[in-house]
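Encoded as structure tokens, here's the structure I'll be asking about.
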Amino acid sequence: MLAPNRSSVTVAVLLQLAAVFWLSAKDPVPVGGKLSLWEVRSGNARIHLLGSVHFLKEDSYPLAKPIEDAVKNAEVVAFETDLEAMSKPEGMMKMLQGGQYPEGKTLAGTLDAPLYARVKKKATAAGLPMELIGGMRPWLVAVTLITMDLQEQGYNPTEGVDHHYHAIAKEAKKRIIGLETVEAQLSFFADLAPADEAAFLSQTLDEMDRLRPLMDQMVTAWRTGDAAGLDKLMNDSLKGQPKLYKRLLVDRNASWIPKIEALVREGRPAVVIVGCAHLVGKDSVVEMLRRKGFTVTQQ
């Protein structure tokens, strides 16, 4: 198990929602290791839960055979939200609208001078003109900077586990469902209070330089199915903010359970693909299903 990590709640939140990991296409499962894949059983019915990695390189596939088989054999594939709707211009517009200040309000006029100067320095270094982000809310600036940093390193959201298997499921004409709406997903950031947003952005800037070594630890935990290690790396710091922890993790996990239960009751092979943070720890989807009497076994 990994040693406890002292990363800030900002990186924890970003990783809850972006679930970013460092993944090598070679030897995806060390000998004797496990996967971030769980089987849920009730009687003769079974489905799978797969921890999602949203940013990967093009050469990251195929993943381990049990993962590939789970998706191949599934008749139904569930994702956190409607990925097709999210990728359409209307979906992108909703995100931009939720992350923009109303007319007359700007980042420069909202943030204190020292924080704005830090944002400007980081954006300039990343080649991001302030004119493009001047009207963005702090949470969207934070996510934009993190995303650009990952893309500069060769990681692409279109190669993420969810998008990869969504394309496969769509091509195979499998039934595809979302566990929550696009609007619900965007609201988790869009509803942040101004002070929380500013703190979120400030801590993101603090943590960006330490993101790479954090990823190295996370990929080891992900590749070996170290659920306890993932819980410490992704969830522990967030637990120090009970309201945020409840909103971003516990409440969302609980809201997904009825839909997952319905999939099991249908008796058709299915796979549910969500961020890894939602599948580890005492408040995870895995533990919620166990408390309801389902047999859940890590693969």
Query - Side-chain heavy-atom pair Gln298, Leu35 within 4.5 angstrom cut-off - result: no

Query raised in the report: Between the side chain of Ser284 and the main-chain N/O of Gly281, is any donor-acceptor distance below 3.5 Å?
Result: yes

Query - Validation row: Leu107, Lys120 side chains within 4.5 angstrom (heavy atoms) - result: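 Counting from C-beta outward, Leu107 and Lys120 never come under 4.5 Å.
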
Query raised in the report: Any Lys/Arg nitrogen of Glu287 or Lys282 sitting under 4.0 Å from an Asp/Glu carboxylate oxygen of the other?
Result: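 Between Lys282 and Glu287 there is no salt bridge, as every charged N stays at least 4.0 Å from the carboxylate O atoms.
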
Query raised in the report: Could you go step by step and tell me if Leu279 and Leu50 meet the side-chain contact (heavy atoms from CB on, under 4.5 Å) rule?
Result: CA-CA 8 Å; Leu279 301 180; Leu50 172 60; 5.9 Å; no

Query raised in the report: Okay, side chain of Glu68, backbone of Leu63: is any donor-acceptor separation there less than 3.5 Å?
Result: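 The answer is yes, because a donor-acceptor pair under 3.5 Å joins these two groups.
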
Requested in this report: Please report the shortest heavy-atom distance between Ala78 and Leu179, naming the atom on each side.
Outcome: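 Nearest heavy atoms, Ala78 then Leu179: CB-CD2, 4.3 Å.
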
Requested in this report: Using a 4.5 Å cut-off on heavy atoms from C-beta on, say whether the side chain of Tyr61 contacts that of His164.
Outcome: yes

**Report entry** Considering all heavy atoms, the nearest Leu248-His278 contact
**Finding:** O-CE1, 3.7 Å

Report summary line: Closest non-hydrogen atoms of Leu83 and Phe79, given as atom of the first, atom of the second and distance, are CD1-CD2, 3.8 Å

Query - Residue pair Thr124 / Pro129, side-chain heavy-atom distance below 4.5 Å - result: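 In short, these two side chains do not touch, never coming nearer than 4.5 Å.
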
Query raised in the report: Could you state the interatomic distance from CD (Gln299) to OG1 (Thr297), rounded to the nearest 0.5 Å?
Result: 6.5 Å

Query raised in the report: What heavy-atom pair brings Leu145 and Ala123 nearest, and what distance separates the two atoms?
Result: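 Shortest heavy-atom separation between Leu145 and Ala123 comes out as CD2-CA, 4.2 Å.
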
Query raised in the report: Should Arg41 and Glu39 count as an ion pair when the cut-off is N to O under 4.0 Å?
Result: yes

Requested in this report: Of all the heavy-atom pairs spanning Gly99 and Trp139, show the shortest one and how long it is.
Outcome: CA-CZ2, 3.4 Å

Query - Polar contact flag, side-chain donor to acceptor under 3.5 angstrom, Asn235-Tyr245 - result: no

**Report entry** Passing candidate, side chain to side chain contact (heavy atoms under 4.5 Å, CB included) with Leu49, options Ile273, Val271, Leu289, Leu37
**Finding:** Leu289

Query raised in the report: Is there a side-chain contact between Thr110 and Pro194 (heavy atoms, below 4.5 Å)?
Result: no

Report task. State, with a plain yes or no, whether a side-chain heavy atom of Met288 is found less than 4.5 Å away from one of Glu261. Result -> no

Query - Derivation and outcome, side-chain contact (heavy atoms from CB on, under 4.5 Å), residues Asp82 and Thr181 - result: CA-CA 7 Å; Asp82 185 340; Thr181 65; over 6 Å; no

Query raised in the report: In Å and rounded to the nearest 0.5 Å, what is the NE2 to CD distance from His163 to Glu84?
Result: 11.5 Å

Query - Interatomic distance, Ile168 atom CD1 to His166 atom NE2 [nearest 0.5 angstrom] - result: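 That separation rounds to 11.5 Å.
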
Report summary line: So OH of Tyr116 and CG of Leu201: to nearest 0.5 Å the spacing works out to 11.5 Å

Query raised in the report: Does a side-chain heavy-atom distance below 4.5 Å link Arg247 with Asp191?
Result: yes

Query raised in the report: If we only count heavy atoms from C-beta on, is the Arg252 to Glu80 side-chain gap below 4.5 Å?
Result: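 Sidechains of Glu80 and Arg252: in contact.
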
Query raised in the report: Short question: side chain of Lys174, backbone of Val77 - any donor-acceptor pair under 3.5 Å?
Result: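 Such a contact is absent between Lys174 side chain and Val77 backbone.
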
Query raised in the report: Taking NZ, NE, NH1 and NH2 as the nitrogens, is one of them in Lys173 or Glu75 under 4.0 Å from a carboxylate oxygen of the other?
Result: no

Requested in this report: For the pair Asp226 and Lys34, find out whether any cationic side-chain nitrogen is under 4.0 Å from an anionic carboxylate oxygen.
Outcome: no

Query raised in the report: Within the side chain of Arg268, is there an N or O that forms a donor-acceptor pair under 3.5 Å with the backbone of Val76?
Result: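 No, Arg268 side chain to Val76 backbone: no donor-acceptor pair under 3.5 Å.
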
Query raised in the report: Hey, is the main chain of Val182 close enough, under 3.5 Å, to the side chain of Thr81 for a donor-acceptor pair?
Result: yes

Query raised in the report: Thinking salt bridges, do Asp69 and Lys65 make one under a 4.0 Å N-O criterion?
Result: yes

Query raised in the report: Can Arg137 and Glu197 be counted as an ion pair, charged N to O under 4.0 angstrom?
Result: yes

Report task. State whether Asp206 and Arg118 are salt-bridged, where the test is any N-O pair (Lys NZ or Arg NE/NH1/NH2 against Asp/Glu carboxylate O) under 4.0 Å. Result -> yes

Query raised in the report: Between Ala184 and Ser187, what is the shortest heavy-atom contact and its length?
Result: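 It is O-OG, 2.7 Å.
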
Query raised in the report: Say you draw a straight line from CG of Leu140 to OG1 of Thr147; how long is it, rounded to the nearest 0.5 Å?
Result: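 Reported to 0.5 Å precision, the distance equals 9.0 Å.
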
**Report entry** Gap between atom CE of Met208 and atom NZ of Lys122 - 0.5 Å precision
**Finding:**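 Those atoms lie 5.0 Å apart.
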
Query raised in the report: So, the side chain of Lys72 versus the backbone of Ile67: is there a donor-acceptor pair under 3.5 Å, distance only?
Result: no

Query raised in the report: Run the side-chain contact (heavy atoms from CB on, under 4.5 Å) check on Val274 and Val272 step by step: do they pass?
Result: CA-CA 6 Å; Val274 298; Val272 177; 4.0 Å; yes

Report task. Look at the side chain of Ser202 and the backbone N and O of Ala198, then say whether any donor-acceptor pair between them is shorter than 3.5 Å. Result ->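 Not at all, since once roles are kept as given, no pair shorter than 3.5 Å links the two residues.
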
Requested in this report: Could you walk me through whether Arg46 and Thr295 pass the side-chain contact (heavy atoms from CB on, under 4.5 Å) test, one step at a time?
Outcome: CA-CA 9 Å; Arg46 70 169 187 169; Thr295 300; over 6 Å; no

Query raised in the report: Please, which pairs that meet salt bridge (Lys or Arg N to Asp or Glu O under 4.0 Å) have at least one residue in residues 271-280, sequence neighbours excluded?
Result: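 Listed by first then second residue: nothing to list.
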
Report task. Decide side chain to side chain donor-acceptor pair (under 3.5 Å) for Trp256 and Glu180; before the verdict, give the C-alpha distance in whole Å, the side-chain angles of both, and the deciding distance to 0.1 Å. Result -> CA-CA 8 Å; Trp256 297 345; Glu180 59 194 13; 3.2 Å; yes

